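Read the structure below first, then the notes.
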Amino acid sequence: MHSLHKVITFQFALFCFFLLLSPLYSNAAVAPLPKPNNNNNALVEKACTYISDKPFCLNYLKSNPKVMPKSNPLDFALAIIQSGADDAKNIHAYLSKPKGKQSPQAIQAYKNCKTNWENLASGLERSVKFIKEEQGYGYDTTDYDLKVNLDKANWCGNALESARIQDPVIAQGVKKVSLAVMGADAILVGVKPPKKLD
């Protein structure tokens, strides 16, 4: 009985010792949470100003690790456009996969979409390059060049509609790319390049 009392006393003392040390180890192992950046939140709100599905926009941007670390408006807008280009590449990859047995109209519609989404991705990447070089909308046509990329998604949508195809993957891609273009534009109209180039 005496030895059982010693074991329990030792275990209790050991338990108390670990209980006292555990906060030290747990605090050391956990990285401090980053403080919310008010500038990022303001940029996200501004980017979502003209987006019809504002909750989708807010969630998409706030959960995007490529976009959220950017606190400079120009960098933030460029990250949004690049994110749209990445989404366009994903849709192009989806369209490059075989779809199984299809009607001739469906085959033609998906072929049209594949070309348009490839051009959309490269057009957005060109916009990133030019806007970065110009430090904003440096030329009078730079904003038009960014926005006209959405025509390619619309042409794909028209081709699918003509073939009576509803493709939720492409519909979601259109939503993301539209958000990227319109969201970035909402930010870029307030970015003044060092000097107007036209």
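Note that these values count all heavy atoms, side chains included, but never hydrogens, waters or copies made by symmetry. What you see is a predicted model, and the numbers here were worked out from it, not measured in a lab.
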Counting only heavy atoms not in Lys62, do more than 12 sit closer than 6.0 Å to its NZ atom? yes
Of all residues at least two apart in sequence or in a different chain, which pass the salt bridge (charged side-chain N to carboxylate O under 4.0 Å, His left out) check with Glu45? Lys54
Residues passing the side chain to side chain donor-acceptor pair (under 3.5 Å) test with Ser103, sequence neighbours excluded, are Gln105
At what distance, to the nearest 0.5 angstrom, does CD1 of Ile187 lie from CG of Asp75? 12.0 Å
State which residues pass side-chain contact (heavy atoms from CB on, under 4.5 Å) with Ala109; sequence neighbours excluded, sorted by chain then number. Ala159, Leu160, Ala163, Ile165
Residues at least two apart in sequence or cross-chain that pass salt bridge (charged side-chain N to carboxylate O under 4.0 Å, His left out) with Lys175, listed by chain then number, are Asp53
Under the salt bridge (charged side-chain N to carboxylate O under 4.0 Å, His left out) definition, can you give me all pairs with a residue in residues 107-118, not counting sequence neighbours? none
Just distance, no hydrogens or angles: give the donor-acceptor pairs under 3.5 Å from side chains in residues 87-94, sequence neighbours left out.
unit_1 : atom_1 : unit_2 : atom_2 : d
Asp87  : OD2    : Tyr60  : OH     : 2.4
Lys89  : NZ     : Glu125 : OE2    : 2.5
Asn90  : ND2    : Asp86  : O      : 3.4
Tyr94  : OH     : Asp167 : OD1    : 3.1
Tyr94  : OH     : Asp167 : OD2    : 2.7

Determine which pairs satisfy disulfide (SG to SG under 2.5 Å) with at least one residue from residues 107-147, sequence neighbours left out, and list them in order. Cys113-Cys156
For Ala180, which residues count as a side-chain contact (heavy atoms from CB on, under 4.5 Å) partner, sequence neighbours excluded? Ile80
Residue set satisfying side-chain contact (heavy atoms from CB on, under 4.5 Å) with Lys129, at least two apart, ordered chain then number -> Glu133
So disulfide (SG to SG under 2.5 Å) across residues 46-83, not counting sequence neighbours, yields Cys48-Cys57
Residue list, side chain to side chain donor-acceptor pair (under 3.5 Å) with Thr142, at least two apart or on another chain: Glu134
